[in-house]
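Have a look at the structure below, then the notes.
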Amino acid sequence: DIENLAKEKGIYHSVLFLGRQKHISDYMNAMDVFCLPSLWEGLSIAAIEAQASGLPCVLSDTITVELKLTENVEFLPISNSDIWADTAIKMSHILRINTQEELQKSGYDVRGSVSFLESFYCFSNMPFPLFSFIYMKRLQKIRYFSYCFHTFIKKFSVWSSANNNK
């Protein structure tokens, strides 16, 4: 396990093992550079969050290039720790940038996502799935959720009668 490895290498007291955290942005704001040396990674939410906070990012070249949402992202081979150290030090001197516009263009904007979901689920001719109710509630769109629920019941009734008459 990683904690035992840190103990073996004598760096345990220099590393924080925090477990699950709710306020990731607080930690991102304290960092100078975000490094993700992963052997296998899908679409890393952590790397997206790091870029959203304006951090320069050093990611392994095994990670999808779709994660390059801003200019301050470098992909490196995971096999060479010297290159990682040099690049992390070099990138730690880069000033943070406001990445809002770049992330919006890449589709990572909650307002754009909510707008898309609203138009897709509440104004289509098909009844929408249950997960949209949960998603809308999570976005704390309670009034809208209520409207969508009533709209769904109406649409489902019409859709159900039409399909039962076939």
Side-chain angles (χ1 to χ4, degrees), residues 1-122 124 126 128-141 144-145:
D1 122 292
I2 193 91
E3 288 187 49
N4 288 333
L5 181 62
K7 288 175 186 173
E8 288 173 21
K9 299 289 183 181
I11 61 170
Y12 184 79
H13 296 292
S14 300
V15 179
L16 300 174
F17 296 97
L18 302 173
R20 288 183 167 259
Q21 296 293 311
K22 289 185 180 182
H23 304 287
I24 299 302
S25 62
D26 293 341
Y27 294 98
M28 296 284 183
N29 288 328
M31 295 179 190
D32 295 317
V33 65
F34 177 83
C35 297
L36 186 60
S38 179
L39 291 173
W40 303 279
E41 195 76 35
L43 186 67
S44 170
I45 300 301
I48 294 169
E49 289 172 334
Q51 290 176 78
S53 72
L55 274 171
C57 298
V58 183
L59 312 174
S60 57
D61 61 2
T62 58
I63 297 174
T64 178
V65 294
E66 292 173 334
L67 273 177
K68 185 173 174 74
L69 305 174
T70 66
E71 291 302 312
N72 289 339
V73 177
E74 292 282 337
F75 290 92
L76 300 175
I78 198 159
S79 58
N80 190 330
S81 59
D82 290 335
I83 291 175
W84 276 77
D86 292 343
T87 304
I89 291 168
K90 178 184 78 176
M91 292 185 78
S92 70
H93 299 292
I94 296 174
L95 295 177
R96 285 180 186 249
I97 57 172
N98 182 338
T99 60
Q100 182 178 357
E101 189 174 314
E102 289 174 281
L103 293 173
Q104 285 174 337
K105 286 179 185 175
S106 299
Y108 292 96
D109 175 54
V110 71
R111 283 166 285 199
S113 297
V114 167
S115 177
F116 168 77
L117 288 171
E118 287 174 347
S119 65
F120 182 80
Y121 286 121
C122 285
S124 68
M126 297 293 289
F128 46 95
L130 181 61
F131 75 83
S132 68
F133 293 141
I134 297 165
Y135 192 76
M136 290 298 169
K137 189 172 183 182
R138 285 185 61 206
L139 292 174
Q140 298 181 1
K141 295 284 190 178
Y144 184 77
F145 171 76

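Only a predicted model underlies this, so the values are computations on that prediction, with no experimental measurement involved. Quick note: numbers below take in every heavy atom, side chains included, and nothing from hydrogens, waters or symmetry partners.
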Nearest 0.5 Å, what's the [atom1]-[atom2] distance between [X] and [Y]?
X   : Y    : atom1 : atom2 : result
T99 : E101 : OG1   : CD    : 10.5 Å
I63 : L76  : CD1   : CG    : 10.5 Å
D26 : S53  : CG    : OG    : 11.0 Å
W40 : I78  : CH2   : CD1   : 9.0 Å
S44 : E66  : OG    : CD    : 12.5 Å
I48 : L69  : CD1   : CG    : 6.0 Å

Which pair of heavy atoms, one from [X] and one from [Y], lies closest together, and at what distance?
X   : Y   : result
R96 : M31 : NH2-O, 2.7 Å
A47 : F34 : CA-CE2, 3.8 Å
A6  : F17 : CB-CZ, 3.8 Å

Query - Exercise: do D1 and N4 side chains pair donor with acceptor under 3.5 Å - result: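 Yes, because at least one side-chain N or O of D1 sits under 3.5 Å from a partner of the opposite role on N4.
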Query raised in the report: Do T70 and E102 get their side chains close enough for a donor-acceptor pair, meaning under 3.5 Å?
Result: no
Query raised in the report: Considering only heavy atoms from C-beta outward, does the side chain of Y27 approach that of L18 to under 4.5 Å?
Result: yes
Requested in this report: Taking the side chain as every heavy atom from C-beta outward, state whether E74 and C57 have any pair of such atoms under 4.5 Å apart.
Outcome: no
Inspect the surroundings of [atom1] in [X] and state if more than 12 heavy atoms from other residues, nucleotides or ligands are less than 6.0 Å away.
X   : atom1 : result
E3  : CD    : yes
Q21 : CD    : yes
L39 : CG    : yes

State whether the side chain of [X] and the backbone N or O of [Y] hold a donor-acceptor pair below 3.5 Å, judged by distance alone.
X   : Y   : answer
T62 : S38 : yes
T87 : W84 : no
E41 : L59 : no
K68 : V73 : yes
S92 : V33 : no

